[in-house]
Amino acid sequence: MNDDNKDVNKKETFDFIRTVIEDDLKTNKHDGRVHTRFPPEPNGCLHIGHAKAFGLDFGIAEEYNGKCNLRFDDTNPTKEDVEYVDSIKADIQWLGFSWDDREFYASDYFDKLYDYAVQLIKLGKAYVCDLTSDEIRSYRGTLTEPGKESPYRTRSIEENLELFQKMKNGDFEDGAKTLRAKIDMTSPNLNMRDPVIFRIIHTSHHRTGDKWCIYPMYDYTHCLSDSIEEITHSLCSLEFEDHRPLYDWFLDELNVYHPQQIEFARLNITYTILSKRKLLRLVEENHVAGWDDPRMPTLSAMKRRGYTPEAINDFVNRIGIGKRNSIVDIEFLEHCLREDLNKRAPRVMGVLKPLKVIITNYPEDKEEELDAINNPEDPEGGTHKVPFSRELYIEQGDFMEDAPKKFYRLTQGREVRFRYAYFITCVDVIKDDDGNIIELHCTYDPETRGGNAPDGRKSKATLHWVSVKHAEKAEVRLYKHLFTKPNPEEVEEGKDFISNLNPDSLETLNDCYIEPSINKFVPGDIVQFERLGYFCIDSVDSNSDKLVFNRTVTLRDEWARIQKKNKKS
Ligand code: ATP
Ligand code: MG
């Protein structure tokens with residue numbers, strides 16, 4: 001990917017969708033209008049793939065001074081839920097987009113869609129079919145074999161009208177009959193082999209209640225909803241390309257306003273599943289703690305983990321759009337996140353795996369307030385105070401007994417800098433009866449306050465620390481990829497993506513200590529723990545008694561490494 005060029009050239013070279021729109025504007029195709037829509041099905045929460053789709057729908061509308069509708073594609077009452085409607089709306093708003101007052105539902109059009117179906121019957125272009133769904137499937141044929149016509153295909157228009165009316169009135173059981181388009185059972189495109197347009201489902205709908213027991217199918221509903229709303233450019237992902245002839249067929253046969261469907265490649269990311277159906281399985285089978293488990297690629301989970309709308313929008317814009325399916329490295333997403341957090345996240349010190357240090361020559365009751373920089377990336381960011389005292393926590397990993405040469409951090413007899421504080425020398429290692437290190441006895445040099453030696457001597461390492469008696473205790477959750485393989489769909493025979501779940505994707509640390517300035521932050525805030533990474537105060541499990549952090553992302557930029565490797569090869 002060469003995203004730098006894309007940014008620079010954005011104004012001059014348009015992607016293939018914007019090229020179509022530019023041409024349409026030149027020829028005044030839709031009276032110079034640009035009107036898009038985002039059509040989620042409320043059967044799950046949105047994921048980052050949807051952010052790419054609606055970023056495009058809303059983004060293009062904004063760029064061309066047009067409009068973008070939010071339309072819930074709620075044609076399947078057995079799978080949909082109002083709860084998802086609310087979460088979808090919250091996610092879109094979170095990323096900064098607005099549909100103003102244009103919140104629509106496919107179910108608002110059920111009456112019209114029924115009337116259109118009656119019209120198709122009258123045109124001899126639709127018929128009521130008694131085949132079961134299994135029979136319909138076996139009559140359909142395959143990619144290499146033509147389909148077989150239904151024996152009900154030749155019903156008279158009058159009979160079809162009467163039967164369709166009875167379907168609507170509830171005279172038949174679920175599955176007993178369908179209404180099908182009469183197109184071509186020999187078409188090389190399977191979608192054109194007399195697709196079902198209405199089916200019987202005796203289930204209450206979250207908006208229309210028990211008014212309907214027949215529900216329209218997606219392909220039929222989608223194009224006509226676009227037409228009713230006078231959408232100009234109907235953008236959708238590549239898997240709908242084969243459905244476009246059907247989209248066009250309905251609109252042409254009914255001779256109604258005809259939007260243009262344009263397909264683009266879906267977003268795929270390594271180590272990630274982007275399919276609502278599969279994400280639902282993770283939730284239902286308790287492989288994760290819910291749709292907003294911070295390991296999930298849903299927008300609600302990413303928000304909870306500490307992703308910012310800016311980072312997500314930046315990522316979506318930089319990957320651009322294409323016509324061919326490809327897979328984006330998850331490291332690039334994390335890179336976009338780090339770039340944003342680096343600019344804005346306040347720095348604090350926190351110790352995740354504590355080791356106690358006692359400064360033996362520091363007075364027992366003495367305390368000092370030292371100055372710590374809020375954000376070195378922000379010249380106006382200012383400073384805050386951190387308390388220092390005789391007993392401190394440092395990271396277990398920052399001390400090593402009998403350290404090898406390349407280990408520059410603390411070991412017996414060595415002096416290192418404690419950030420913002422003093423030069424500290426390790427004198428003694430205290431162990432329990434089993435030989436485990438329980439604390440370190442150190443001394444400090446009072447002349448080095450602030451972390452600078454007046455004689456100019458240097459330290460190869462600067463460690464972070466927290467004063468024991470001032471520390472806030474916290475729980476910290478560390479995350480790794482949810483799947484062990486770059487492509488989680490790559491499985492052994494007889495297995496599915498569940499077999500690629502990473503058993504170590506969550507590590508919970510219960511005994512972490514954070515400097516007291518953390519108290520000015522609230523759930524949802526993101527900070528950098530110096531040297532460790534970015535962490536977000538969990539907005540679900542934190543409360544006045546318990547401080548819980550999610551590790552948003554580590555500090556190490558793997559994307560830079562991958563790019564270097566790619567350049568070499
Ligand atoms: P899933 O396969 O995850 O269940 P979906 O396509 O069925 O997704 P919808 O709610 O019907 O989910 O999708 C709304 C819109 O979002 C559609 O236009 C769809 O093409 C688009 N979309 C879904 N997933 C992606 C993705 N990974 N990348 C880009 N666009 C996507
Ligand atoms: Mg769908």
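Bear in mind the structure is a predicted one, so any value in this text is a computation, not a measurement. In listed order, ligands and their atoms are each counted from 1.
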Nearest non-hydrogen atom to atom 4 (O) of ligand 1 belongs to which of Glu239, Lys276, His50, Arg266?
Lys276

Using a 4.0 Å heavy-atom threshold (strictly under), name the region of Phe38 that reaches ligand 1: side chain, backbone, both or neither.
side chain

Between Tyr220 and Pro195, is there a donor-acceptor pair closer than 3.5 Å when you use the side chain of the first and the backbone of the second?
no

Name the option, out of Asn325, Leu267, Leu238, that contains the heavy atom nearest to atom 27 (N) of ligand 1.
Leu267

Taking NZ, NE, NH1 and NH2 as the nitrogens, is one of them in Glu558 or Arg561 under 4.0 Å from a carboxylate oxygen of the other?
yes

Run the side-chain hydrogen bond (donor to acceptor under 3.5 Å, both in side chains) test against Asn160 and tell me which residues pass, sequence neighbours left out.
none

Distance-only polar pair, side chains of Asp226 and Tyr247, donor-acceptor under 3.5 Å:
yes

Heavy-atom contacts with Leu274 under 4.0 Å: which atoms of ligand 1 show up? List them by number with element.
3 (O)

Can you list every pair that meets ring pair (Phe, Tyr, Trp, His ring centres under 6.0 Å) and has a residue in residues 280-310, with sequence neighbours left out?
Tyr84-Trp291

For Pro523 and Asp538, the nearest pair of non-hydrogen atoms, with its separation, is CB-O, 3.9 Å

For the residue pair Phe264 and Phe16, is the inter-centroid distance of their aromatic rings smaller than 6.0 Å?
no

I'd like to know if His47 contacts ligand 1, where contact means a heavy-atom distance under 4.0 Å to any ligand atom.
yes

Does a donor on one side chain sit under 3.5 Å from an acceptor on the other, for Tyr218 and Asp73?
no

Counting each atom of ligand 1 from 1 as listed, which ones have a heavy atom of Pro39 under 4.0 Å away?
14 (C)

Out of Pro42, Pro40, Gly49, whose heavy atom is nearest to atom 29 (C) of ligand 1?
Gly49

I'd like to check whether Ser237 has a polar contact with ligand 1, where a contact means an N/O of the residue lying under 3.5 Å from an N/O of the ligand.
yes

Is there at least one pair of N or O atoms, one from Ala53 and one from ligand 1, spaced under 3.5 Å apart?
no

Just which atoms of ligand 1 are under 4.0 Å from any heavy atom in Ser275?
1 (P), 3 (O)

So, does Asp73 sit close enough to ligand 1 that a heavy atom of it is under 4.0 Å from the ligand?
no

